[in-house]
Amino acid sequence: MGSDKLKTDLKRWYKDAIIYQLHVRTFHDANGDGVGDFQGLTAKLDYIVSLGVNTLWLMPFFKSPGDDDGYDVTDFKCIDARYGSFEDFREFICAAHERGLRIIIELVLNHTSDDHPWFQRARRATPGSSERDFYVWSEDDQKFSDARVIFTDSENSNWTWDPIANAHYWHRFYEHQPDLNYRNPDVLRSILDVMHFWLDFGVDGFRLDAVPYLMERDGTPSESLPETHEILRTIRQSICGRDADIVLLAEANQPSKKVMEYFGDGDECQMAFHFPLMPQLFMAVAKGLRQPIVSIVERTKHILESCQWAIFLRNHDELSLEMVTRKEREEMWSAYAPNEEARINLGIRRRLAPLMDNDRGRIELMHALLLSLQGSPVLYYGDEIGMGDNIKLEDRHGVRTPMQWSDRQNAGFSSRHSHSLTLPIIDRGAHSYEAVNVRAQEEAENSLLNWIRQAISIRTANECFSHGSCRFQETENEAVLSYIRESGNNRVLCMFNLSSEWQEAEILAVRESGKTSSLLGKLDPVKICDSVHKVRLKPYQYVWLALS
Ligand code: BGC
């Protein structure tokens, strides 16, 4: 694992993980070429540690033409030269581990770029050969016709004709991203080889990108098939046979029952993103009602002790509304993306702060939920300072703009001329780098950044958040969400007013507990009688109370 600090940690470190997601490309540019790099990231590790997080998830940094921001790989064993060398990567891993940070890297295992030598070889290879069968081919474009198209704004079929192969090839995403064919054992062998290659550098885990689509079969939607789970079991055996602490994190944007299948019987992924919960958090705040959160948490809370949800608010993609009902999608669009330009595919391409109308109270409320619900929280870089987005940029680039470090040139991201940056800095409006940046918020005691640091440190100090149970309280007022996190003697009551109005609710837990003290947020309980304590909560108010 590379560092004594990590060796002393207990197993199942991912249960205590607090993850920070970033893109090397847009985090910090050390060599002044306008693109973020590993040296720049290494230089910012102390900042990352200062947030209180303990795990990094790096978006793809392998060699790629960049037509899907690195999710289109041309060499799985090569670092994109703009981000640095193997030496830079090694130094980064070492520096991160010395600081107690674990590293999860992206593994785009479902597909490659069509420039990948495997695809170039396949389209020219003899039909029926293993080289050809690295990808999925068909004479017509009617096979697997029950599979939906995912990138609905840009693709209208999962098949594309290849004049060199004289056949159609299968792709679940962009046409330039042909799907690998996991029915060919040589494909899995090659991907395992890639995983062991990166494990040799000391990485601690992989985010398995787009994992439900590994296998396809006629007469099915070709998502989350049993044969895909078989592949995952083989991957888990191979990886954990080497080190049981290596984490597999599933990116499976599926209905709740299907996502839970990625934990297997404890023999597939240890972690899975909680896609079903994410839109319901936003829904609950839009409606000012707790029900959307309560019902999804109740449905998904029983997972194996060895497994853990990765819960999140925003990431580098659109806020996905693929798995909600049509009615819910309409409600979400009208609440959060009335401007159609903010929509992409079946989602919303906005960052957290603009989604919350830049309202500090609501941004804190969302984080207070994220940091207290069951699962390991994942924070998206820049959200800790309330960064904005640029919906004028194409695809999902608007939520991937460079980190805003200061009010200096290029927000302190790069010394390059501003016209030559990998993506433009946000330089106007309420979210401009002059208004929103790390340096200013480090200096302001009451900044969002300092509030987040404090909230994370409280979470870390209370084991109930990472290991404890979660019990909802049935308060009469439906705008108030209240639950108790509990592990041994460590009990915390979390209460949230999800609405834009003042609300009154009883703190039921005080009946059982007696004394409370405030950990996060302030509350003045009004004692009605010995057994009834009521509170008045202002709009979007939250509180975490320690129960003794
Ligand atoms: C990633 C996207 C990417 C897609 C295709 C996703 O699930 O998160 O950013 O475009 O996979 O690789």
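Since we're looking at a predicted model, the values are computed, not measured. In each ligand, atom 1 is the first atom listed, and ligand 1 is the first ligand listed.
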request  = For F151, take its heavy atoms, then give the atoms of ligand 1 lying under 4.0 Å from any of them.
outcome  = 10 (O)
inquiry  = Which of the numbered atoms in ligand 1 are under 4.0 angstrom from any heavy atom belonging to E251?
reply    = 6 (C), 7 (O), 8 (O)
inquiry  = Show the atoms of ligand 1 that are less than 4.0 angstrom away from any heavy atom in R396.
reply    = 2 (C), 3 (C), 9 (O), 10 (O)
ask   = Would R349 and D317 pass as an ion pair if we require N to O under 4.0 Å?
value = no
task = Just jot down the side-chain contact (heavy atoms from CB on, under 4.5 Å) partners of S295, sequence neighbours excluded, or say none.
result = Q291, R299
message = Using a 3.5 Å distance criterion without hydrogens, assess whether the side chain of N410 forms a donor-acceptor pair with backbone atoms of G412.
response = no
query = Where the closest heavy atom to atom 2 (C) of ligand 1 is concerned, which of D395, T112, D317 has it?
reply = D317
inquiry  = Can you see whether W309 has K301 sitting over its ring - NZ or CZ less than 6.0 Å from the centre and within 45° of the normal?
reply    = no
query = So, is the end of the R351 side chain (NZ or CZ) under 6.0 Å from the ring centre of Y381 and within 45° of the ring's axis?
reply = yes
query = Given that the side chain starts at C-beta and the backbone is N, CA, C, O, which of these parts of H171 lies under 4.0 Å from ligand 1, counting heavy atoms, or is it both or neither?
reply = neither
ask   = Which ligand 1 atoms, with their elements, are less than 4.0 angstrom from a heavy-atom of R400?
value = 9 (O)
message = Is the ring pair Y47/F27 parallel, tilted or perpendicular, if the boundaries are 30 and 60 degrees?
response = tilted
inquiry  = Using a 4.0 Å cutoff against the non-hydrogen atoms of H111, which atoms of ligand 1 qualify?
reply    = 5 (C), 12 (O)
task = Over all heavy atoms of both residues, which pair between S64 and G70 is shortest? Give the atoms and the distance, please.
result = OG-CA, 3.5 Å
message = Can you report which non-hydrogen protein atom sits closest to atom 11 (O) of ligand 1, along with the distance?
response = D209 OD1, 3.0 Å
query = What's the shortest distance from atom 10 (O) of ligand 1 to any protein heavy atom, and which residue and atom give it?
reply = D68 OD2, 2.7 Å
